[in-house]
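Below: one structure, written as structure tokens.
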Amino acid sequence: MFYGWWNPIYVPLLLVSILVNFGLSANIRYLASNNRASWANCCLALAISLNIAALGYFKYAKFVLSNWMNLFDLPGSVDDITLPLGISFFTFTQIAYLIDTRRGTTRKTRLLDYTLFVTYFPHLLAGPILHHHEMMPQIRNCAAKPMEWKNMAVGLTVFFIGLYKKLVLADGVAVFVGPTFDSAATGLALNFADAWGSALAYSLQIYLDFSGYSDMAIGLSCLFGIALPINFNSPYKAKNIIDFWRRWHISLSRFLRDYIYIPLGGNRHGAVRRYTNLGLTMLIGGFWHGANWTFLVWGALHGIFLIVNTLWISVCRSSDFQFQSTFVWRVLARLLTLLAVIIAWVFFRATTLGAAMSMLEAMSGVNADAFASIHLTLVDLVLLQASELVIWVMSLFVFCLVLPNTQEIMSRYRPGLTSTGYNTAAMGSTCLRWKWNASPGALLLISAIALHCFYKLLFVNSMSEFLYFNF
């Protein structure tokens with residue numbers, strides 16, 4: 001019902017995908033257990049090919065055909081293909097299950113349990129990408145679990161924190177993003193302040209939007225006594241790009257590492273092969289987000305950032321460079337990391353490469369006219385005449401960079417699953433006054449947050465769709 005509410009025509013596609021993958025996984029398990037490794041490998045290749053074919057048709061067919069027609073100047077146009085909701089998430093989830101079945105790390109399961117694993121509604125539309133070893137034991141035991149008031153209280157609290165991030169914070173700053181990026185797409189000249197303002201606003205919007213949804217998914221799942229993996233760990237506090245990818249979209253980072261980077265060879269075949277594998281992995285990760293050259297460039301940029309970061313770490317270790325342990329260096333490293341992420345987000349948000357380059361050109365100030373119409377001057381800020389955009393950006397960066405995240409606030413109850421690389425020590429070190437506990441004061445606060453969200457939903461016609469729902 002949840003999946004079909006948007007468009008019931010794609011429910012059969014989801015069910016066929018589940019049935020085919022379940023049958024092929026059972027066949028792979030049977031072949032592998034009977035020492036027929038080559039046939040098991042062929043079955044795995046067939047299963048992955050079918051998944052990639054379905055994803056390729058719905059997500060990339062128009063992109064490939066359009067570029068082919070433009071390359072050879074062919075007449076006509078390509079019709080739009082409606083993208084089924086969450087197809088990337090349930091496809092990647094099942095590919096991981098197939099590969100692990102071939103590796104022998106999955107247990108034989110019932111069709112009903114497998115169906116619940118794939119279609120579990122809190123994660124279905126925008127992740128996180130679930131992993132069988134985390135979810136299947138919980139799913140097998142969920143029927144025997146009674147509903148607990150503690151889970152209800154924790155789950156609703158996490159849910160409304162996420163909903164507030166989306167409806168109030170992300171949607172609040174979203175109004176400053178579209179006009180400038182739309183102007184860039186139409187070829188209009190941009191000024192320095194507007195370009196930077198929109199780039200910063202989008203960096204905050206996408207983080208608050210997606211992390212808000214992930215909080216909502218964890219909160220909803222907690223109501224049933226099932227813990228979903230944590231997908232965000234304050235990524236804008238990262239000390240470098242490697243650290244950023246340990247904090248941003250953690251379930252995707254894990255998938256890219258375990259099922260693309262390591263199978264490509266990882267770091268086992270020398271430096272050149274390692275850097276090549278890093279670049280290819282991030283290129284694939286970028287293209288996974290959408291059928292556009294801008295996503296490929298975004299992935300390529302992060303691949304380059306990771307390669308440079310890895311090289312820098314090697315240089316520091318070989319030369320016994322000590323400056324990186326100083327406070328000044330740590331601040332500069334975080335600022336540089338955030339700058340690199342913001343520049344890459346420009347390509348992620350822009351509809352064309354030309355629009356992205358127009359934004360970056362205005363942000364760099366290389367245009368003679370770029371500084372001519374700057375609306376936000378140092379005098380404006382000193383006199384506290386800053387615009388609404390500046391107030392939003394400054395406030396939300398304080399929210400993201402200074403305040404504890406949802407999981408740190410809820411660390412007494414651990415509503416989400418942590419994965420390798422998650423900084424659990426930071427959760428324990430959060431100031432006690434920020435740690436949530438069931439109390440009348442907490443009830444009043446979360447009730448006020450919920451009422452504000454309901455007000456936005458019912459009376460303010462400004463809600464935007466989730467940015468990740470089409471990925």
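Positions are given from 1 along the sequence.
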Using 30° and 60° as the class boundaries, would you call the ring planes of [X] and [Y] parallel, tilted or perpendicular?
X	Y	value
His289	Phe295	parallel
Phe255	Tyr259	tilted
Trp298	Trp345	parallel
Tyr236	Tyr207	tilted
His133	His131	perpendicular

Any donor-acceptor N/O pair, [X] side chain to [Y] backbone, under 3.5 Å:
X	Y	value
Arg36	Tyr30	no
Arg246	Asn233	no
Gln138	Glu134	yes
Asn267	Arg274	no
Tyr202	Phe181	no
Ser251	Ile230	no
Tyr10	Tyr3	no
Arg414	Ser411	yes

What I want to check is whether the side chains of [X] and [Y] have a donor and an acceptor closer together than 3.5 Å.
X	Y	answer
Thr106	Asp100	no
Arg102	Asn41	yes
Thr91	Asn51	no

Kindly give the heavy-atom pair with the smallest separation between [X] and [Y], and that separation in Å.
X	Y	value
Leu208	Lys165	O-CB, 3.7 Å
Thr101	Ser25	CG2-O, 3.4 Å
Ala291	Lys59	CB-O, 3.1 Å
Leu228	Pro128	CD1-CD, 4.4 Å
Leu200	Ile342	CD2-CD1, 3.5 Å
Phe160	Ile446	CB-CD1, 4.0 Å

Assess whether atom [atom1] of [X] is packed by more than 12 heavy atoms of other residues, nucleotides or ligands within 6.0 Å.
X	atom1	answer
Leu458	CG	yes
Lys239	NZ	no
Arg107	CZ	no
Phe121	CZ	yes
Tyr455	OH	no

Exercise for the section: List the steps, then state whether side chain to side chain contact (heavy atoms under 4.5 Å, CB included) holds for Gln407 with Ile218. Expected result: CA-CA 10 Å; Gln407 297 303 318; Ile218 289 173; 3.7 Å; yes
Measure the [atom1]-[atom2] distance between [X] and [Y] for me, rounded to the nearest 0.5 Å.
X	Y	atom1	atom2	answer
Leu112	Thr115	CG	OG1	6.0 Å
Leu98	Asn21	CG	CG	5.0 Å
Leu396	Ser203	CG	OG	11.5 Å
Phe224	Met152	CZ	CE	9.0 Å
Leu256	Met282	CG	CE	6.5 Å
Ser17	Gln94	OG	CD	4.0 Å

Note, [X] side chain near [Y] side chain (heavy atom, < 4.5 Å):
X	Y	value
Trp245	Leu306	yes
Leu169	Leu204	no
Phe210	Asn231	yes
Tyr120	Ile226	yes
Ile99	Asp258	no
Leu360	Phe347	yes
Leu457	Leu167	yes
Leu311	Tyr275	yes

Problem - Contacts of type side-chain hydrogen bond (donor to acceptor under 3.5 Å, both in side chains), residue Asn67, not counting sequence neighbours - result: Trp293
Exercise for the section: Kindly determine whether Ile241 and Val341 satisfy side chain to side chain contact (heavy atoms under 4.5 Å, CB included), including the steps that lead there. Expected result: CA-CA 8 Å; Ile241 289 293; Val341 169; 4.0 Å; yes
Please report whether the ring centroid of [Y] lies less than 6.0 Å from that of [X].
X	Y	result
Phe89	His123	no
Tyr164	His452	yes
Trp288	Tyr60	no

Handout entry: Verdict with reasoning, Leu85 to Asn7, per side chain to side chain contact (heavy atoms under 4.5 Å, CB included)
Key = CA-CA 9 Å; Leu85 288 175; Asn7 192 343; over 6 Å; no
Completion exercise
Sorted by chain and number, sequence neighbours left out, ring-ring contact (aromatic ring centres under 6.0 Å, His included) with Phe305 holds for His302
Exercise for the section: Would you please test Met135 and Leu116 for side chain to side chain contact (heavy atoms under 4.5 Å, CB included) and show each step? Expected result: CA-CA 10 Å; Met135 300 305 299; Leu116 178 57; over 6 Å; no
Handout entry: Residue from Val11, Leu13, Leu14 passing side chain to side chain contact (heavy atoms under 4.5 Å, CB included) with Pro84
Key = Leu13
